[in-house]
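A short worksheet on the structure shown next.
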Amino acid sequence: MTAPEGGGDAARDALSRSPRGVGAPLRRKEDARFLHGRGRYVGDIRPAGTLEVAFLRSPVAHARLLGVQKPANGLVFTAADLTEIAPIRANSALPGFRPSDQPALASGKLRHVGEPIAACVAASRAEAEDLAAACVLDYQALPAIADMLAARAPGSALIHEHWPDNAFLETRRDEDLADLDAIAAAKVRRRLRTARQSMAPLEGRGVLAEWDPRLEQLIVTTAAQMPHVTKTGLAECLGLDEGQVRVVAPDVGGGFGYKGILLPEELVCAALAMRLGRPVRWLEDRLEQLTANANCREHFYDVTAWADAKGKLLGVAVDATVDAGAYSAYPFSACLEAAQIGSIFPGPYVLPRFRFHTVSACTNKPPILPYRGVARTGVCYAMETTLDALARQLGISAQAIRAANLVPPTAMPYRNLVGKVFDSGDYPEALRRAVAAVDVAAVRARQAAGETVGFGLSVFCEQGAHGTSVYHGWGIPFVPGFEQAQARFTPDGVLELRVGLHSHGQGLETTLAQVAHEILGVDPARVRLVHGDTALTPYSTGTWGSRAMVMAGGAVAEACRLLGERALAIGAALLQAPVEGCSLRAGAIHHGEAQVTLDQVARTWFRSPQNLPANVDRGGLDVTAGYRPDPDTGTHSYAAHAVVARVDTETGNVTLEQYVIVEDGGVLVNPMIVDGQVLGGAAQGIGTALYEEMPFDTEAQPLAGTLADYLLPGATEVPDIRIEHMETPSPWTRFGQKGIGESGAIGPPGAIVNAINDALAPLGAEVLDLPATPARVLAALARAGRA
Amino acid sequence: MKPAPFAYARPDDWPAALALLAEGARPVAGGQSLGPMLNLRLALPERVADLRHLPGYAGVTVQGETVRIGAGTTHAAIEDGAVPGRLGDILAGVARRIAYRPVRNRGTIGGSLAHADPAADWVAVLPALPGHAVALGPAGERRIPLAAFVLGVFETALRGDELLCAIELTALPAGTRFGHWKFCRKPGEFSKATACVLARPGAPPTAVLAALDAAPLVIADAAALLAEPAAEAARIAAALALDDPWRAALARTALRRAAEAAR
Ligand SMILES: Cc1cc2nc3c(=O)[nH]c(=O)nc-3n(C[C@H](O)[C@H](O)[C@H](O)COP(=O)(O)OP(=O)(O)OC[C@H]3O[C@@H](n4cnc5c(N)ncnc54)[C@H](O)[C@@H]3O)c2cc1C
């Protein structure tokens, strides 16, 4: 209870260092059920009488939908049948943003392959698919826009016909950089592409909708990471008041951003449950997940950078396009990625001059959704490969050019030229440690002996837990405010924590118990986390943006602190001592040698109220508290990734020999869980770098329909990753912790491709596009006349 | 991804199986290829006939120099040493690299060969070995040389009224050398180029180049390849005139590396 509010070194120094408190590598409480296969997911929940839904989906990317001929028997619903559902509209207040209406079921036009057209309802999924197969579609094909750069070509077909062109939004920062040509020692220009990916959580989406006639409430059990936002979206599109909607997110098998999105399928199941008076369920299959829904990541960059002879950046100009797909997805909107590129492109570096132009292009592909790292993975790739290109031109090392540009620790907190504020850290030290962890001299020796092996680096920082001050300007459907947590004792002294965000791999059932232990001294085994149910938890925008540990951690700490004050007053009365002479430690109220436990305090409030002091706080042992860091511009965790990669120049295959991550997430609430987050993210980043790609043909047909075609890295493809931690407290958060959930997924493409290009440099070849597949590596060698 | 309705039959003897086949039933063995095809509704049989309970469908018998591998023998059984001797070593090494263990536990050598996916491992290796596929039809057994069994992509020499009942191979002497190389980026991914070279004492070496979206290329006398792997591999691969330069490079590399490993 003595920890200060303000973060920084003082917060860290005040930690109890209890083996179950903040900073302890406590084993995860939730693992018992997960490791024994006892998790409970939407797919495990099937009330009696449940009807299953299969969707008839668009087979073409762009067409006028003329009609749907339904089979003679069976329940099939089209847009014309479900007029009670308003289209999904994820607007943005950014000037010039063009909103799109995403219908729950297509009407009038088909805008991407996989767009839902009709809901087919039957007792089993197989029978529902039989119905879908028996529907006959009548449509008139239109020219498909398969490529974001072609989307805006004059005369191209319009996806939303009332728009003047196929762009959701353009943003720019004008600065004339022409004079740099004369003074720069090096100038490079690169055109780089990142592939369209499909997020692939083990569990796909799934939704079970029921209407409860007693409560007059729609209960939607859904694989969601932002249940309260989903609830708001459902209520808006269905014309219900929010009290009529309850969203339950049970165990969720990975989110990564995908499960923050309000899906048309959720709306349709909800409407059907209300219509039919039966539970209605849809479980996404892998084909739907890959081809119709979970799309993400596709960027194009045209970057020019100037540097002086020491590698110091003089300026950067970037023209970036993001393939946002056909609709603006709720709630993050279609401009989430492109519009961020302008503000995050400078990365962890001191950039004196900067020009950008970004386009959120509209194409006939599924809407682009945020994926762990969001725009950062692409931005880091573009910046880090551009830096290496400059270094090669200048003849300096990859380490030297980064060291010349990283924000120094003495400048912290640092405000960069586009207004991002970095809270704390020693970025150059992370770089130094990452390089020191690899025997670079050995790599150079092997290169000298003719081996195509290379060393690559990437450095980046990740803004996390950014709040109201950052998001209100976006004007998207939600703005995060004060995060709330409820802390209360049960009559037997168990501490119940209720939070509105959701834990689906982050280990919050453990880490928030550690926070409660830190404040109240209660045993984490006697702390229960209630989450994932809008009826039981305070409103929250949910788990996204690496915010849970900062925001819910802060809120739980504050709720526990207030709860502790109330308990102290009761305990002091039981000890017949003045409150000022008592203290709360290790789960008990102490006065000299005497003590009463929190269990006894709880028992007194609930079951022996005759023993309470007359002036007891009548709110009892039940506190809801809110928390927001001040300032709320976000924490910046940061990392340096170092890679040694070997290239087989005959096949183009790349082998990752060494992988090192030096990471600073501020005070680590549970270092073991942080390691898990970093490793999982890095595996996904390796997927972005080397494997994952959803190819489309010229008609915008997705070509990878199974995981045999869409390659995900598995246990055999991910090398042993060594992680080193630095722990620079954030000056602004409760314990000095920083958001770190997405970090691992950001660094790999830059570091890996830099290692590949270092290996290929003696051959004059350079990889530009992601993923760096064997075919692309071989094509790069061929361009250089080497294959 | 749920199959369309189909009926399931489980014949207990071969005549019953052939009768079901004549009525249009689709045979199913391990289901590791047919299962996904059913789920994706790429295959729409009215009835499937589960072969796994036919007498002698799985298992290995040796008679003199002839090793008869029941079509229903799983990849896992072969990996675990069901086939004796040098031949068994070679087959176990191939089996071990098919997908991962759960697939190998169910998938069968006969199912793989009958399916004739050009990227499959048995399709790429068996044509290099001396032996036959044994087909059973209404008129009895028929032996088809392994080098002539797979005719194209998903196309074999089996007639519509025949089942593949066994693979018969000739035992290999201890001094037999074998090189096998395939390119896939992770276990379970379809190979993008597979090659193998078999050099038996006293017989001309044989080679196969496969996984090129076509029937396997069988090289009945691979002596030149063994003598000069790089030049011959380049020549053979170039003659295929593959459109995709990457696949062409893989084909060349596969053949050369397999040959080098067999030297
Ligand atoms: C994830 C995954 C990864 C895989 N990776 C690989 C790999 O790396 N290498 C590889 O080679 N294979 C791979 N496979 C395929 C696997 O080896 C299959 O086992 C094999 O292709 C088919 O064998 P099966 O016994 O399962 O046949 P089934 O799927 O039961 O049948 C396949 C086809 O053959 C027909 N058929 C089956 N038996 C007979 C018979 N006796 N007579 C006539 N027709 C018959 C069926 O009608 C069907 O058309 C993979 C499969 C999966 C699911």
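Below, each value reflects all heavy atoms present in this structure, side chains not excepted, and no hydrogens, waters or symmetry copies. Chain letters run A, B, ... following the sequence lines, proteins first and then strands; every chain starts at 1.
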With a 4.5 Å limit on heavy-atom distance, are the side chains of [X] and [Y] in contact?
X	Y	value
A/D285	B/K2	no
B/P245	A/L778	no
B/M1	A/R286	yes

What pair of heavy atoms forms the shortest contact from [X] to [Y], and how long is it?
X	Y	value
B/W181	A/T651	CH2-CG2, 3.8 Å
B/F183	A/P774	CZ-CG, 3.8 Å
B/E189	A/A708	CG-O, 4.2 Å
A/A126	B/P3	CB-O, 4.0 Å
A/T716	B/P187	OG1-CD, 3.3 Å

Greater than 12 external heavy atoms within 6.0 Å of [X]'s [atom1]:
X	atom1	result
A/L35	CG	yes
B/E23	CD	yes
B/E228	CD	no
B/R10	CZ	no
B/R106	CZ	no

Which answer fits [X], side chain, backbone, both or neither, if we ask what part of it has an atom under 4.5 Å from a heavy atom of chain B?
X	result
A/S124	neither
A/E650	both
A/D709	neither
A/A133	side chain

Contact leader toward chain B among A/L707, A/V777, A/N653, where contacts are heavy-atom pairs under 4.5 Å: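 Sorted descending by pairs with chain B, the first entry is A/N653.
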Those residues of residues 34-43 of chain B, ordered by number, that approach chain A below 4.5 Å (heavy atom to heavy atom):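 So far as heavy atoms go, B/L40, B/R41 are the residues that approach chain A to under 4.5 Å.
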Chain A contact via B/R256 - side chain, backbone, both or neither, heavy atoms under 4.5 Å: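 For B/R256, the contact with chain A is made by the side chain alone.
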Residues of residues 679-692 of chain A within contact distance of chain B, non-hydrogen under 4.5 Å: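 Within residues 679-692 of chain A, near chain B: A/L690, A/Y691.
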